[in-house]
J.: 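The structure under discussion is supplied below as structure tokens; questions concerning it will follow.
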Amino acid sequence: MIMKRIACLMLFAALLTSTACGGEADVAETTASDGDVTTQADETVDERYLIKEELPDKNYDGYPVRILMRDSTSPDWIGDMFSESETGEIISDAIYNRNATVGERFGVTFELIRSSNNNYETDGVNSILAGDDAYDIIVPHARAAFVYAEQGLCLDWNTELPYVDLDKPWWDQDARESFEINGKLYPMVGDISYQALAQTGCMMFNKAIFDKYNEEYPYQKVLDGEWTFDEFDRLAKLCSEDVNGDGLYEPDTDIFGYVTYVWVGPIQAITTGGGRVVSKSDDGGLELTINTERNIEIFEDYFELFDSNNCYLELNRDDGSSIYDRIKLFTECRAMFVDGNLNDVSQMREMEDDFGIIPMPKYDETTDKYYTNVDAGTNLFIVPITNSDPERISIILEALSAEGYREVIPAYYEVALQTKYTRDDLSVQMLDIIKEGRIFDIGYYYCGGTLGSAGYNLASSKYPDHNFATFYAENESAVKTNIEKILEEYGK
């Protein structure tokens, strides 16, 4: 297993260090008993293996756990849960071994049911409404998960899945708090899904461009809590260049300080200031919290940069195709910064210039951490009310998430990202900070309506001046009415 191999390497390093310093390696103890000599070594044990799930011994005699998923391998939604065999690919093998471990332990197999839609999938709704026990787990687009939830088609993770222990570290606590409405928790996510990490927002920077302008890499500022929008803005405005001198800044020829996508930078803007579209009120309800002076200021500052020649903002055409791929622009070494999700890092393997990974900048130093939004396209997990054995599926869910915590997340995060894609040790430290700052804004995922994607909408051609006051005034009433309706009906 991956973490056990890492533990062995750590132990070996400790032995080398101790011996090199001229002292005795205080890692072994020799004892004699009845003439036999045994050696007991103090092994380095990863803490993930010390936390155990509390599950009964069950054998389900080959029961097929039926999982309905979006039919897509790009992003690899299906690969989040299924791998047919070991192939040597680290993450795929970790998924295969997780399923094999859980399958052998409880006597189950895993059956993939592909949906007809690889995006906003709700193919299971009619089946559940008809009372069919067709699926044990449904793993849809995060926003689609709430389509099931608001119709009362899901079991409650709080009360109806008895062996799921949401206090365990393999369940995401921000998702748990954010997604609970009227005391009901219908969609949930945790380390059962590596895509919840892969879809987390981050930023990459080109080291060669930093070197050209004699600027220090941002790592230390991140560690000191000083990686702010003002510092990012200053750097992004240093290096834009009209390469061919035609007086225009074109993404296929020129150099930019910052390139982003309409579903990334504009969405992340208020998140980086610690804001949310919708927050939980003191009584556990939902409160529209996007319209604050701070958020208005954040949008003004971000769009001032977006509208300058220093930034290229990748938009979508009406037919859904992109105008110019910002990742291509960055990998061609014509941008100082690009933002995206951690999943995007894998697209930069062939980039000629060296690059680093950092969190999205805080809006200012009063923000207590580097917050980052998890893209709403990620997988969420629901259990349909037609499931014939909630106890059984709760055992399987808990076991899958616990094994994901021990094996799959380390494979993605500690092995794949840290050794295969990233190019320095400091980028590895940055990943810890990025992971720590993840949030799941219920307003962005579900109840915020048009305001839930405020940044995206403000970046569209409908609001060329990006005026938040106008946009908010046009949508406030409808969103508040929707939230009131949700509070009246959700889970009841």
J.: Any carboxylate oxygen within less than 4.0 angstrom of a Lys/Arg side-chain nitrogen, looking at Asp344 and Arg326?
T.: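 Yes, charged N to carboxylate O under 4.0 Å.
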J.: Determine whether Lys328 and Glu332 satisfy the following criterion, salt bridge (charged side-chain N to carboxylate O under 4.0 Å, His left out), listing intermediate values before the conclusion.
T.: CA-CA 6 Å; Lys328 174 180 170 65; Glu332 291 176 348; 2.7 Å; yes
J.: Without swapping roles, check the side chain of Thr122 against the backbone of Ala144 for a donor-acceptor pair under 3.5 Å.
T.: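 No.
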J.: Checking ring pair (Phe, Tyr, Trp, His ring centres under 6.0 Å) for the pair Tyr186/Phe146: CA distance, chi angles, key distance, verdict?
T.: CA-CA 8 Å; Tyr186 293 133; Phe146 288 95; 9.2 Å; no
J.: I want to check something: taking the side chain as every heavy atom from C-beta on, are Lys280 and Glu287 in contact at a cut-off of under 4.5 Å?
T.: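 No - every pair of side-chain heavy atoms lies 4.5 Å or more apart.
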J.: Using the rule given for salt bridge (charged side-chain N to carboxylate O under 4.0 Å, His left out), can you reason through Asp174 versus Arg438, listing the C-alpha separation, both sets of side-chain angles and the distance that settles it, and then say yes or no?
T.: CA-CA 8 Å; Asp174 192 87; Arg438 292 186 303 168; over 6 Å; no
J.: Do the side chain of Lys168 and the main chain of Lys52 share a donor and acceptor less than 3.5 angstrom apart?
T.: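 Yes, because the side chain of Lys168 sits within donor-acceptor range (under 3.5 Å) of the backbone of Lys52.
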J.: Verify, without hydrogens or angle tests, whether Thr260 (side chain) and Gly265 (backbone) share a donor-acceptor contact under 3.5 angstrom.
T.: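 Flag set: sc Thr260 to bb Gly265 pair under 3.5 Å.
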J.: Would a 4.5 Å heavy-atom cut-off, applied to side chains only, mark Leu342 and Tyr413 as touching?
T.: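 Heavy-atom side-chain distance check fails, nothing below 4.5 Å.
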J.: Can you tell me how far CD of Glu484 sits from CG of Leu286, rounded to the nearest 0.5 angstrom?
T.: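 If I round to the nearest 0.5 Å, the distance is 11.0 Å.
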J.: Of all the heavy-atom pairs spanning Pro162 and Glu391, show the shortest one and how long it is.
T.: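 So the minimum-distance heavy-atom pair works out to CG-CA, 4.0 Å.
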J.: Backbone N or O of Thr367 within a donor-acceptor pair of the Lys362 side chain at under 3.5 Å?
T.: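 It does hold such a pair.
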J.: Tell me, with the steps shown, if Ser92 and Ser83 meet side-chain hydrogen bond (donor to acceptor under 3.5 Å, both in side chains).
T.: CA-CA 6 Å; Ser92 177; Ser83 177; 2.7 Å; yes
J.: If you compare all heavy atoms of Val164 against all heavy atoms of Glu398, which two are closest, and at what distance to 0.1 Å?
T.: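 That would be CA-OE1, 3.4 Å.
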J.: With a 3.5 Å cut-off and no angle check, do the side chains of Thr386 and Asp133 form a donor-acceptor pair?
T.: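 No, Asp133 and Thr386 have no side-chain donor paired with an acceptor closer than 3.5 Å.
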J.: For Glu89, does the CD atom have more than 12 heavy-atom neighbours from other residues, nucleotides or ligands under 6.0 Å away?
T.: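 Not buried by this count: 12 neighbours or fewer within 6.0 Å.
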J.: Quick one: pull up CD in Glu180 and CG in Asn182 and give me the separation to the nearest 0.5 Å.
T.: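 The CG atom of Asn182 is 9.0 Å from CD of Glu180, to the nearest 0.5 Å.
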J.: May I ask you to decide if Ile442's main-chain N or O and Ser178's side chain share a donor-acceptor pair within less than 3.5 Å?
T.: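 Yes, the answer is positive, given that a donor and an acceptor are paired below the 3.5 Å cut-off.
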J.: Judged by modelled atom types alone, do Tyr194 and Asp191 share a side-chain donor-acceptor pair under 3.5 Å?
T.: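 Their side chains do not contain a donor-acceptor pair, so the 3.5 Å distance test is not met.
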J.: Just how far is it from atom CH2 of Trp227 to atom CE of Met203, taken to the nearest 0.5 Å?
T.: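 Output value for this atom pair is 6.5 Å.
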J.: As a test of understanding, state which of Tyr63, Tyr60, Tyr163 forms a side-chain hydrogen bond (donor to acceptor under 3.5 Å, both in side chains) with Arg392.
T.: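 Of Tyr63, Tyr60, Tyr163, side-chain hydrogen bond (donor to acceptor under 3.5 Å, both in side chains) with Arg392 is met by Tyr63 alone.
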J.: Can a donor-acceptor pair be found between the side chains of Thr159 and Asp156 at a distance below 3.5 Å?
T.: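 Yes, a side-chain donor-acceptor pair sits under 3.5 Å.
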J.: For Asp282, look at atom CG and say whether over 12 heavy atoms of other residues, nucleotides or ligands are found less than 6.0 Å away.
T.: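 12 or below, so no.
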J.: Measure from NZ or CZ of Arg143 to the centre of the six-membered ring of Tyr444 and say whether it is under 6.0 Å with the direction within 45° of the ring axis.
T.: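 That pair qualifies as a cation-pi contact.
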J.: Quick check: closest heavy atoms across Ala142 and Ala376, and the distance to 0.1 Å?
T.: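 Taking every non-hydrogen atom into account, CB-O, 2.9 Å.
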J.: As a test of understanding, state which of Ile192, Val189, Val139, Ile78 forms a side chain to side chain contact (heavy atoms under 4.5 Å, CB included) with Asn379.
T.: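 Output: one option passes, namely Val139.
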J.: Ignoring hydrogens and angles, tell me if any N or O in the side chain of Asn99 forms a donor-acceptor pair with the backbone of Met81 under 3.5 Å.
T.: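 Yes; judged by distance alone, with no hydrogens or angles, the pair exists.
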J.: Is there side-chain contact between Val259 and Phe337, with heavy atoms separated by less than 4.5 Å?
T.: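 No, side chains not in contact.
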J.: What is the ring orientation for Phe355 with Phe330, classed by angle as parallel under 30°, tilted 30 to 60°, or perpendicular over 60°?
T.: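 Because their plane-to-plane angle is over 60°, the rings of Phe355 and Phe330 count as perpendicular.
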J.: Is Gln429 reaching over with its side chain to a backbone N or O of Tyr219, donor-acceptor style, under 3.5 angstrom?
T.: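 No, because the side chain of Gln429 does not come within donor-acceptor range (under 3.5 Å) of the backbone of Tyr219.
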J.: Roughly how far apart are Ile138 CD1 and Glu121 CD, rounded to 0.5 Å?
T.: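 Spacing of CD1 (Ile138) from CD (Glu121) equals 7.0 Å.
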J.: Between Asp80 and Arg70, does the salt bridge (charged side-chain N to carboxylate O under 4.0 Å, His left out) criterion hold? Intermediate values first, please.
T.: CA-CA 11 Å; Asp80 199 17; Arg70 288 176 280 174; over 6 Å; no
J.: Mind listing the closest non-hydrogen atom pair of Asp424 and Ser427 along with its distance?
T.: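 Minimum heavy-atom separation between Asp424 and Ser427: OD1-N, 2.6 Å.
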J.: Once rounded to the nearest 0.5 Å, what's the spacing between atom OH of Tyr490 and atom CD1 of Ile483?
T.: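 Tyr490 atom OH to Ile483 atom CD1 measures 13.5 Å (nearest 0.5 Å).
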J.: If you measure from the Lys or Arg side-chain nitrogens to the Asp or Glu carboxylate oxygens, is any gap between Lys485 and Glu488 under 4.0 Å?
T.: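 No, Lys485 and Glu488 are not salt-bridged.
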J.: Answer yes or no for Lys58 and Phe106: cation-pi contact, defined as NZ/CZ to six-membered ring centre under 6.0 Å and angle to ring axis within 45°.
T.: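 Relative to the ring axis of Phe106, which defines the angle, Lys58 lies outside at least one limit.
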J.: Report yes or no: do Glu414 and Gln418 form a side-chain donor-acceptor pair below 3.5 Å?
T.: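 Result is no, nothing qualifies.
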J.: Hey, does the Lys NZ or Arg CZ of Arg349 hover above the aromatic six-ring of Tyr421, less than 6.0 Å from the centre and inside 45° of the axis?
T.: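 The answer is no, since Arg349 fails at least one limit relative to Tyr421.
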J.: Tell me, with the steps shown, if Ser115 and Asp71 meet side-chain hydrogen bond (donor to acceptor under 3.5 Å, both in side chains).
T.: CA-CA 6 Å; Ser115 71; Asp71 189 8; over 6 Å; no
J.: Apply the test ring pair (Phe, Tyr, Trp, His ring centres under 6.0 Å) to residues Tyr445 and Phe179: give CA-CA distance (whole Å), side-chain angles for both, the deciding distance (0.1 Å), then the verdict.
T.: CA-CA 9 Å; Tyr445 280 75; Phe179 294 162; 5.3 Å; yes
J.: Tell me, do Met204 and Met348 make a side-chain contact under 4.5 Å, heavy atoms counted?
T.: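 Yes, side chains in contact.
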J.: So that I can tick it off, tell me whether Arg105 and Glu53 are bridged by a salt bridge, with the cut-off set at under 4.0 angstrom between side-chain N and carboxylate O.
T.: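 Counted as a salt bridge, because a side-chain N and a carboxylate O are separated by less than 4.0 Å.
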J.: What distance separates Arg406 CZ from Ile51 CD1, expressed to the nearest 0.5 Å?
T.: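 One finds 9.0 Å between CZ of Arg406 and CD1 of Ile51.
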J.: Please check this pair: side chain of Arg48 against backbone of Tyr405, looking for a donor-acceptor N/O pair closer than 3.5 Å.
T.: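 Yes, because the side chain of Arg48 sits within donor-acceptor range (under 3.5 Å) of the backbone of Tyr405.
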J.: Output yes when a side-chain donor or acceptor of Tyr148 lies under 3.5 Å from a complementary backbone atom of Gly124, and no otherwise.
T.: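 Yes.
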J.: Can you tell whether the side chains of Arg276 and Asp441 come within less than 4.0 Å, N to carboxylate O?
T.: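 The answer is no: the pair does not qualify as a salt bridge.
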J.: Are the side chain of Asn343 and the backbone of Gln199 linked by a donor-acceptor contact shorter than 3.5 Å?
T.: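 Such a contact is absent between Asn343 side chain and Gln199 backbone.
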J.: Determine whether Thr372 and Thr272 make a side-chain contact, defined as any pair of heavy atoms from C-beta on separated by less than 4.5 Å.
T.: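 With C-beta onward as the side chain, the pair stays apart.
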J.: Which heavy atom in Asn373 sits nearest to a heavy atom in Ile439, and how many Å separate them?
T.: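 It is OD1-O, 3.7 Å.
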J.: Taking all atoms of both residues into account, what is the closest heavy-atom pair of Tyr261 and Asp339, and its distance?
T.: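 Scanning both residues, the minimum pair turns out to be N-OD1, 4.2 Å.
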J.: Other residues, nucleotides and ligands only: do more than 12 of their heavy atoms fall within 6.0 Å of CG on Asp368?
T.: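 Yes, the 6.0 Å shell around CG holds more than 12 heavy atoms from other groups.
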J.: Passes side chain to side chain contact (heavy atoms under 4.5 Å, CB included), Thr450 versus Asn457? Steps please.
T.: CA-CA 8 Å; Thr450 307; Asn457 287 298; 3.7 Å; yes
J.: One thing to verify: whether Lys207 and Asp353 come together as a salt bridge, which I'm taking to mean a side-chain N less than 4.0 angstrom from a carboxylate O.
T.: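 Between Lys207 and Asp353 there is no salt bridge, as every charged N stays at least 4.0 Å from the carboxylate O atoms.
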